[in-house]
Amino acid sequence: MSAGPLIAATTVGVRYGSVAALIDASISIARGEVWAIVGSNGSGKSTLLRALAGIAHAAKPSGSIAYAGGADLARQRAFVPQRPEVAAPFTAREVVRLGRYAQGPNEAAIDRALEEVGLAHRAHRPFHELSGGERQRVAIARALAQMHSGGVLFLDEPFSGVDPAEVARIAAALRRRAGQGAIVLSLHDPGLARAIATHAAILHAGRIVRAGPSHEVLRADILTEAYGHPMRDLGEWIAPDLEAGR
């Protein structure tokens with residue numbers, strides 16, 4: 001697959017007992033792309049993200065997921081969970097250093113990752129003393145330190161609790177890193193997805209209803225159907241129609 005996509009998923013499904021959380025999902029992710037997975041709560045965003053990342057589910061996904069470079073998960077892919085936690089009393093820098101475990105020591109990569117998320121000045125603070133948004137940024141830095149050329153970075157709702165200025169900083173870092181591989185992130189906010197992503201997949205009830213270039217997919221009419229609520233196109237942004245909620 002060296003000349004093809006970094007990830008090619010075909011009719012992937014995930015079931016939790018009698019519940020179909022993901023149904024016949026197919027997606028192809030190429031080098032340089034930033035993919036946003038969007039949809040309402042319970043639509044299957046995190047399930048699809050974890051399936052693509054090779055994170056274990058309660059049930060093994062059906063279908064096929066092929067990766068460029070083989071199945072060396074630790075070297076080819078990095079994953080940032082929605083609520084990162086660290087049990088040991090590590091500093092921020094020590095947490096980021098954990099991302100280098102499979103790759104080998106590289107202090108410069110750790111420095112660069114901390115700088116990219118704006119936490120170089122707090123590198124020696126204990127992780128548990130950081131704010132929720134700062135912990136999220138440390139987790140992103142750990143994944144950035146882990147990534148290598150040709151890898152894919154997966155992020156599950158990475159901007160929860162992160163200040164707007166830092167969202168912009170991290171988004172810029174993700175775009176730069178996508179040039180070396182690809183980025184896949186799940187997002188609640190379709191406006192933020194439109195601002196960040198080159199491509200998007202919209203999920204509804206466990207199915208991908210549309211996937212492709214973000215300017216073609218993240219449209220008010222498509223999102224209105226997927227979210228079950230009128231959406232308004234504001235030019236550079238897209239948002240819920242607040243008047244429709246009255």
My understanding is that only residues two or more places apart in sequence, or in another chain, count here; which of them pass salt bridge (charged side-chain N to carboxylate O under 4.0 Å, His left out) with R232? none

Quick one: salt bridge (charged side-chain N to carboxylate O under 4.0 Å, His left out) partners of E157, sequence neighbours excluded? none

Determine which pairs satisfy salt bridge (charged side-chain N to carboxylate O under 4.0 Å, His left out) with at least one residue from [range], sequence neighbours left out, and list them in order.
range	result
residues 162-175	R137-E166, E166-R169
residues 190-218	R194-D233
residues 122-136	E85-R135, R122-E134, R125-E129

Any donor-acceptor pair under 3.5 Å from [X] side chain to [Y] backbone:
X	Y	result
K45	L203	no
H124	A92	no
R177	Q180	no

What pair of heavy atoms forms the shortest contact from [X] to [Y], and how long is it?
X	Y	answer
P84	A139	CB-CB, 3.6 Å
T11	S26	N-OG, 2.8 Å
L223	P190	CD1-CB, 3.7 Å
L185	P158	CD1-CG, 4.0 Å
I183	A178	CG1-CB, 3.8 Å
A211	V217	C-CG2, 3.6 Å

How many angstroms lie between [atom1] in [X] and [atom2] in [Y], if you round to the nearest 0.5 Å?
X	Y	atom1	atom2	value
L48	L22	CG	CG	5.5 Å
I7	E33	CD1	CD	10.5 Å
L155	L153	CG	CG	4.0 Å
I170	I140	CD1	CD1	4.0 Å
R176	L144	CZ	CG	9.0 Å
Q136	L119	CD	CG	11.5 Å

Audit row: V96, L114, side chain to side chain contact (heavy atoms under 4.5 Å, CB included) steps and yes/no: CA-CA 8 Å; V96 176; L114 283 164; 3.8 Å; yes

Whether R77 engages the ring of Y67 as a cation-pi pair (distance to the six-membered ring centre under 6.0 angstrom, angle to the ring normal within 45°) should be assessed. yes

Just to verify, what does D156 make a side-chain hydrogen bond (donor to acceptor under 3.5 Å, both in side chains) with, not counting sequence neighbours? S46, S186

Residue list, side-chain hydrogen bond (donor to acceptor under 3.5 Å, both in side chains) with D111, at least two apart or on another chain: R93

Selection [range] - residue pairs positive for ring pair (Phe, Tyr, Trp, His ring centres under 6.0 Å), sequence neighbours left out:
range	value
residues 125-144	none
residues 160-218	W35-H199
residues 76-100	none

Taken in chain and number order and not counting sequence neighbours, the residues that satisfy side chain to side chain contact (heavy atoms under 4.5 Å, CB included) with A193 are A36, V38, L187, L218

If hydrophobic clusters are built from ILVMFWY residues whose side chains come within less than 4.5 Å, do [X] and [Y] share one?
X	Y	answer
M231	V209	yes
Y101	V138	no
V19	V14	no
I23	V12	no

Is the shortest heavy-atom distance from the side chain of F154 to the side chain of L52 under 4.5 Å? yes

Any heavy-atom pair between the side chains of V184 and V34 that's under 4.5 Å? no

Assess the residue pair L192 and V167 against the criterion (side chain to side chain contact (heavy atoms under 4.5 Å, CB included)); give the C-alpha distance rounded to whole Å, side-chain angles, the decisive distance to 0.1 Å, and a yes or no. CA-CA 10 Å; L192 189 56; V167 170; 4.1 Å; yes

Does a salt bridge link E107 with R100, judged by any charged N lying under 4.0 Å from a carboxylate O? no

Pairs where residues 218-228 contributes a residue and the test side chain to side chain donor-acceptor pair (under 3.5 Å) is met, not counting sequence neighbours: R219-D221

